Amino acid sequence: MELLEAVREDLAAVSLPLALPEAGQARTEVRNAVAQLDDYILPRYRSLDAPLLAVVGGSTGAGKSTLVNALVGHPVTRSGAIRPTTRQPILLHHPADAGWFEGQRVLPTLSRIRGTVSPEPLPASRAGATPDAEAISSLVLVADPAVPQGIALLDAPDVDSISDDNRRLAGQLLAAADLWVFVTTANRYADAVPWKLLLDASSRDIMVAVVLDRVPAGAEAEVSADLRGLLQKEGLGAARLFVVPETDLNGLGMLPAQSVQPLQLWLRDLAADAAGRSEIARRTLNGTVKALAGRVAGVAEAVQGQERAAASLRADAEAAYRDAVDRILNATKDGALLRGEVLARWQDFVGTGEFFRTLEQNVGRLRDRLGAFFRGEPPPAVRVEVAIETGLQAVILDEAANAGEDTDQRWRSDPAGRALLGTDDLSGTSPGFADGTAAEIRAWQSGLMELIRTEGQEKRTQARWLSFGVNGLGAALMIVVFSMTAGLTGLEIGVAGGTAVVGQRLLEAVFGEDAVRRLAQTARNDLHARCQRLLQAEQRKFLERLPAGGADAAHALADHAAALARLAERP
């Protein structure tokens, strides 16, 4: 029971949200599997000694109701007079078996209505009424001493009804059966819809009795032989076959008693044999559990398919945003940012072209010149920081928008991704992303300034770096970070006539070459990490639409399927 309850819980939790070709059928399988667990498997496991439920099913006009009436000897179903409606499924049972069916032991989703029997047939207009929602969700219980104790008859709707609800209900009732009495006619026994259900019964190893109704005189041998051949071919050779000859009905719409006597005796014999009933119940139960194992395995495969599709969509989004991070970092280390406003503000900060020419002279003189220069009144270094913030923000926003557009296009080219996006446009950046980016850049700049302070305290150069100013040295370090490719290798990379060289030499004059290399690499790593966090947060607008936990659910269902198969083999 623990296994079955775990299977039921995990099936009920299955989510197949991606629009894959097999998803629709898999959802139907999940619903059917949960319903069969609720309607039959769990109730039968809990009460193996309960009466057998024999569901009488078949095609429209096959004579199911007339057959049931004949079996109990008086009108009780649609062709008779059952209150309050004639279109609800009707369950006939012996009065002593009422307790087994009045509760929600079987078919718990159907409410119970206690019916009464009248010998008068309903008017044809009432008998042909369209079922309403209440009727479809109800089960009429009729206690009748003519039904043998130990077995109940359930008159099901037509399996090929024009009503979708009727067809679904017929399938639900047949799935809850311990044995199936299939009613067909001499001219319709080869119809496709009933045979689909017969094959389902065969897969469950359910006991089947076939009633061949309205057989013309003289045609019994030929029609019976043909039908037996079809049953044998489809693995139903053990099915019992009962023939009801074509005959006139009496005033109450009843068949002659002798026409159904063989079937009636067979049912009474089943009901009287407690051990036989138990064997039938176990056989059907084991067959149903075996079929359930296959169904659960199929659902597990569908869940795995969902996980694979989700992983593909996830990889598309992650690749687009990972490439965006790479493009941002390339733009920050190849000198591309050191143009326009950033270059102008830096040149304002460090001086004119005459100042740059001092770089061609020796480093010792440069240190003194730089110290004297920065003790003057240059334009505030914060202007460089602001220009860098603005330029860097523009690069990040542009690349994030490109990644969003790329991901949106990739997902819309896939039916599953297209369904997840719906009419939403995620191709730009999210609201608030620009402000978040600016705040992250300022935090990076603040962290870089703290690096300068920490390095200056560790060196015996505190007076020198204080004379240059933390902001000035920080601006120089940003320039170095944004001008070096392939790591920090020295003075070989310069932008705009020595812009980077100035920053490099200034920092080396204070901290030394090794320290500058380390500071720049630390600052670059921090910037990389912050860009990754920004874009990973931005890609969540796509990733949060993907289903989660598919792999774990698939593994659990696959394990359940194997366990169910083992359970079905137990005696």
Side-chain angles (χ1 to χ4, degrees), residues 52-73 77-79 148 151 153-161 170 173-174 177-250 253-273 276 279-280 283-284 287:
L52 295 178
L53 181 60
V55 175
V56 182
S59 302
T60 303
K64 301 182 302 297
S65 300
T66 301
L67 178 71
V68 172
N69 290 337
L71 288 173
V72 296
T77 64
R78 293 185 186 90
S79 59
I151 196 167
L153 300 177
L154 201 165
D155 185 17
D158 303 328
V159 297
D160 56 356
S161 171
L173 299 179
L174 290 168
D178 291 300
L179 62 95
W180 186 17
V181 179
F182 170 62
V183 185
T184 186
T185 61
N187 60 353
R188 296 195 62 184
Y189 63 83
D191 287 0
V193 173
W195 274 97
K196 183 177 182 299
L197 293 171
L198 280 170
L199 293 177
D200 179 63
S202 176
S203 72
R204 291 173 54 202
D205 198 25
I206 188 173
M207 177 176 285
V208 176
V210 179
V211 178
L212 188 58
D213 196 12
R214 300 174 189 161
V215 179
E220 178 180 342
E222 180 182 354
V223 175
S224 297
D226 189 42
L227 178 53
R228 286 187 185 278
L230 291 174
L231 291 168
Q232 186 71 38
K233 180 181 177 181
E234 301 297 347
L236 288 163
R240 296 291 300 267
L241 179 60
F242 299 93
V243 177
V244 177
E246 189 171 27
T247 184
D248 293 332
L249 305 181
N250 66 17
M254 295 289 296
L255 286 167
Q258 65 273 19
S259 64
V260 297
Q261 190 175 39
L263 175 60
Q264 189 177 57
L265 291 175
W266 180 71
L267 291 172
R268 289 187 179 278
D269 287 343
L270 289 180
D273 182 2
E279 177 59 29
I280 292 171
R283 169 184 163 180
T284 301

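Note that the structure is predicted; figures quoted are calculated from it, not measured.
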Solution key, residues 257-271 side-chain donor-acceptor pairs under 3.5 Å, sequence neighbours excluded:
{"residue": "S259", "atom": "OG", "partner": "P256", "partner atom": "O", "Å": "2.6"}
{"residue": "Q264", "atom": "NE2", "partner": "L71", "partner atom": "O", "Å": "2.7"}
{"residue": "R268", "atom": "NH2", "partner": "A146", "partner atom": "O", "Å": "3.1"}

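- Note: I151 CD1 to L53 CG = 8.5 Å, rounded to the nearest 0.5 Å.
- Residue pairs meeting the salt bridge (charged side-chain N to carboxylate O under 4.0 Å, His left out) criterion with at least one member in residues 180-209, sequence neighbours excluded: D160-R188, R188-D191, D205-R283.
- Considering only heavy atoms from C-beta on, V244 stays 4.5 Å or farther from V215 through its side chain.
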Q: Begin with the C-alpha distance, continue with both residues' side-chain angles, and end with the deciding distance and a verdict on side chain to side chain contact (heavy atoms under 4.5 Å, CB included) for L212 and T184.
A: CA-CA 5 Å; L212 188 58; T184 186; 3.9 Å; yes

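- Considering V55, I280, T284, L198 as possible partners of I206, the one that fulfils the side-chain contact (heavy atoms from CB on, under 4.5 Å) test is T284.
- Contact of the T185 side chain with the S59 side chain is not registered, since no non-hydrogen atoms from C-beta on lie closer than 4.5 Å.
- Ion pairing between K64 and D213 fails under the 4.0 Å rule for side-chain N and carboxylate O.
- Remark: L197 engages V159, L174, W180 in a side chain to side chain contact (heavy atoms under 4.5 Å, CB included) (not counting sequence neighbours).
- Taken to the nearest 0.5 Å, the CG atom of D273 stands 10.0 Å off from the CG atom of L52.
- Between A186 and P216, the shortest heavy-atom contact is CB-CD, 3.8 Å.
- Qualifying salt bridge (Lys or Arg N to Asp or Glu O under 4.0 Å) partners for D178, counting only residues two or more places apart in sequence or in other chains: R44.
- Scored by the side chain to side chain contact (heavy atoms under 4.5 Å, CB included) test, D248 finds no partners at all (sequence neighbours excluded).
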Atom pairs and distances, donor-acceptor, side-chain atoms in residues 218-242, under 3.5 Å, two or more places apart:
{"residue": "S224", "atom": "OG", "partner": "E220", "partner atom": "O", "Å": "2.7"}
{"residue": "D226", "atom": "OD2", "partner": "Y189", "partner atom": "OH", "Å": "2.4"}

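- Residue pairs meeting the salt bridge (charged side-chain N to carboxylate O under 4.0 Å, His left out) criterion with at least one partner in residues 254-265, sequence neighbours excluded, are absent.
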